[in-house]
Amino acid sequence: MAEKVEKRAIIGWRNLALGCAILEPGSSMHLLTGTWRLQRPVVDPEKCNQCGLCHIYCPDLAMTKTAAGTYEPDLNYCKGCGICAEECPKDAITLVEEKE
Amino acid sequence: MPTRTPMEVSIAVAKAVQQADVDVIAAYPITPQTHIVEHLSELVANGELQAHFMNVESEHSAISAMVGAAAAGASTFTATSSQGLALMHEILFIAASLRLPIVMVVANRALSGPISIWNDHSDIMAERDIGWIQVFCETGQEAYDAILHAFRVVRDPNVVLPMVVNIDGFNLTHVIEPIYLFEQEELGDYLPEHRQSLKLDIDHPITMGPVGIPEVYTEAKKQVEDALINSKQVILAAWQEFGRRFGRAYAPIETYRVEDAQILLMTMGVISRTAMGAVDRLRDAGKPVGLIRCRLWRPFPLPEFREAVRQASIIAVIDRHISLGAHSGPVGQEVRSALYTLPNRPQVFDFVLGLGGRDVTVHDFLEIVELAEQYATQGPPESEYTLIGLREV
Amino acid sequence: MIEIRFHGRGGQGAVTSCEILSMAIIEEGRYAQGFASFGPERRGAPVLAFVRAGDKALKLREQVYEPDIVAVLDPTLLRIVDVTSGLKENGWLILNTKKTLAEHKPKLRSDLNLAVVDATTISMDILHAPIVSVSILGGLVRATGIVELNSLEKPLLKRFGALLARRNKEALMQAYWNTAMA
Ligand code: SF4
Ligand code: SF4
């Protein structure tokens, strides 16, 4: 027997802000997209020429500049999509599987 | 004292917008709306209205500019007709769902094709479900007053919705008639200052118009629906206060000579005044005929409507739009569904006329009443509605 | 209630006649509607404009089908339009024409009242343009007395501004005094 699938609202209409607006600035910070990650990008600082393309292409703006000028993913938000590795002109980024 | 002035109705409408002290006007010219915004652009150019007048390249842009300006907290006005309204279509829903208090005049005109610049209600009837408050006007005075009402209503913190004021194109917008214009001081605080709680503000950033995922879309729609239904209380209060201060009373369903009426005509807009003339004639001939006029179309005033038709045995509904492929015009459908659940309901016959500028005459109403009586006694017509004045060959 | 129908050609001023006359009636404290048989502006095409006047607000918004007064701004219209269609018994027909009363009268329904004025010549002389919207009103007001001449002043000023209003007033008066009636 198939279970009844409940399609639940995440918030009641009476509590919704006017016009469905989001009143808290930067509330997307709460959404830790890093938990979605199956693979993690690892940057080889030796190969990196600091061009910053990975930062620009990253859909979650997770690639962050380090003090050395090279880039590292912010693992709270890096969802492991691999776009950075695809776009890096120096092949400085490799994707490694996340351990269980 | 308000000054009684002979003027074109479009000019009076522009005056009311001026008196409401709007901040931003964006519009694209389309007949028969043009005189309204033309005059507003003159007022702005002459420094008589401190507002920003945006020339845009289409109606889609006009309403989009209104959405942007209103989201930034500006009091906004636009006007359009027919194809222009149709071009605005997708943004109209957005304006309501973002809860933006925009006021718009629709100078009602037929939709193409064939191309027609003349009056009927097909433009607004295609936009019944957009979530805007919608009212109709019968005279120039009502049109002027309705603009003032509209700005009061949309500025109310319990409403915060956009509103359409329907003014029949040409047949009302272009008529010269006497209109009582208020001095600004007379209006006093009838028009509250425009203050918006929800707006785009760099110091207090918010996000407007985010994605409504399936887990929130239903709730978002319910919020707009609830606001629209509840806006009726604010509209009624605005009309009552207007009547108290200025002596002109308004109601969501207006009646004319309905005492003991067995047959009720139901109209919207400027033709209601011609219908009154027809009712006078029928009453003089001893026929128990009355008239109800729907002023508030959205939200539909269900209890007021049911009350108004409680004692009638026949309602002859007038539709100024043909709902292609449906069994009757939109007002006919609305009326029938409003009565369906009642144990005792009058017979409803729907009549479509006055399409694409065809003149609606006293004679038409006399014919309609005769037909309605005939249908009631000899059985309904084959079609669920009757096209009046249709030439067969 | 008095209903008036103007016959003109696009660009000739029939709508302006209707505007000014309806405004003048309203200035007198009466009620009026002034409106045209609306359409895209096409210079030269036959156009209709209407004025409906009453002591108080009228419960009527249809076009005018049975006028009490018909004013014709262009004599060539007589050939292509039945200008007296629906004109009430003993109604007034006001013609802009260079011809005389005697030339027109026999061709008309015998019950009708006729007024003729050479509005085109008057407008050409004074305004240097064949725009007869105001001069035809001179004939109409003279024949029917529907408004006081004074009541037209404010509408003329509003419509034309001080300079042109003065010249139009002159055309109005010329036409008023040069209208023949029978
Ligand atoms: S794209 Fe590659 S080379 Fe450029 S900054 Fe990122 S890691 Fe370094
Ligand atoms: S893997 Fe995807 S999410 Fe992670 S840093 Fe690269 S581009 Fe951004």
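Quick note: numbers below take in every heavy atom, side chains included, and nothing from hydrogens, waters or symmetry partners. Being a predicted model, the structure only gives us computed values, none of them experimental. Per chain, numbering begins at 1; letters A, B, ... match sequence-line order.
- Counting heavy-atom pairs under 4.5 Å between each of B:Asp364, B:Val360, B:Ile176, B:Ile271 and chain C puts B:Ile176 at the top.
- Contacts between C:Lys158 and chain B at a heavy-atom distance below 4.5 Å involve the side chain alone, from C-beta outward.
- Neither the backbone nor the side chain of C:Arg52 comes within less than 4.5 Å of any heavy atom of chain B.
- Counting only distance, with no hydrogens or angles, the side chain of B:Arg109 and the backbone of B:Pro32 share no donor-acceptor pair below 3.5 Å.
- Residue B:Ser272 does not touch chain C at all, counting heavy-atom pairs closer than 4.5 Å.
- Aromatic ring centroids of B:Phe182 and B:Phe246 lie under 6.0 Å apart.
- Here the two rings, on B:His363 and C:Tyr65, have centers that are 6.0 Å apart or farther.
- Proximity to chain C is limited to the side chain of B:Asp280, based on heavy atoms less than 4.5 angstrom apart.
- Across B:Leu87, B:Leu85, B:Val37, a single residue satisfies side-chain contact (heavy atoms from CB on, under 4.5 Å) together with B:Thr80, and that is B:Leu85.
- Counting only distance, with no hydrogens or angles, the side chain of C:Asp111 and the backbone of C:Asn90 share a donor-acceptor pair below 3.5 Å.
- Without hydrogens or angle criteria, B:Ser116 side chain to B:Trp118 main chain gives a donor-acceptor distance under 3.5 Å.
- Under the side chain to side chain donor-acceptor pair (under 3.5 Å) test applied with B:Arg320, the options B:Asn119, B:Asp120, B:Asn108 reduce to a single match, B:Asn119.
- If you measure heavy-atom distances from C:Phe50 to chain B, you find no contacts under 4.5 Å at all.
- Put simply, of C:Arg61, C:Lys154, C:Met23, the one with the most heavy-atom pairs under 4.5 Å next to chain B is C:Arg61.
- With a threshold of 4.5 angstrom between heavy atoms, B:Thr361 approaches chain C through its backbone and through its side chain.
- Chosen from C:Ala32, C:Ala36, C:Ser22, C:Ala57, the residue pairing most often with chain B at heavy-atom distances under 4.5 Å is C:Ala32.
- Taking the six-membered ring for Trp and thresholds of 30 and 60 degrees, B:Phe136 and B:His121 have ring planes inclined between 30 and 60 degrees apart.
- The parts of B:Val362 that come within reach of chain C are both its backbone and its side chain, each placing non-hydrogen atoms under 4.5 angstrom from that chain.
- Neither the backbone nor the side chain of B:Gln141 comes within less than 4.5 Å of any heavy atom of chain C.
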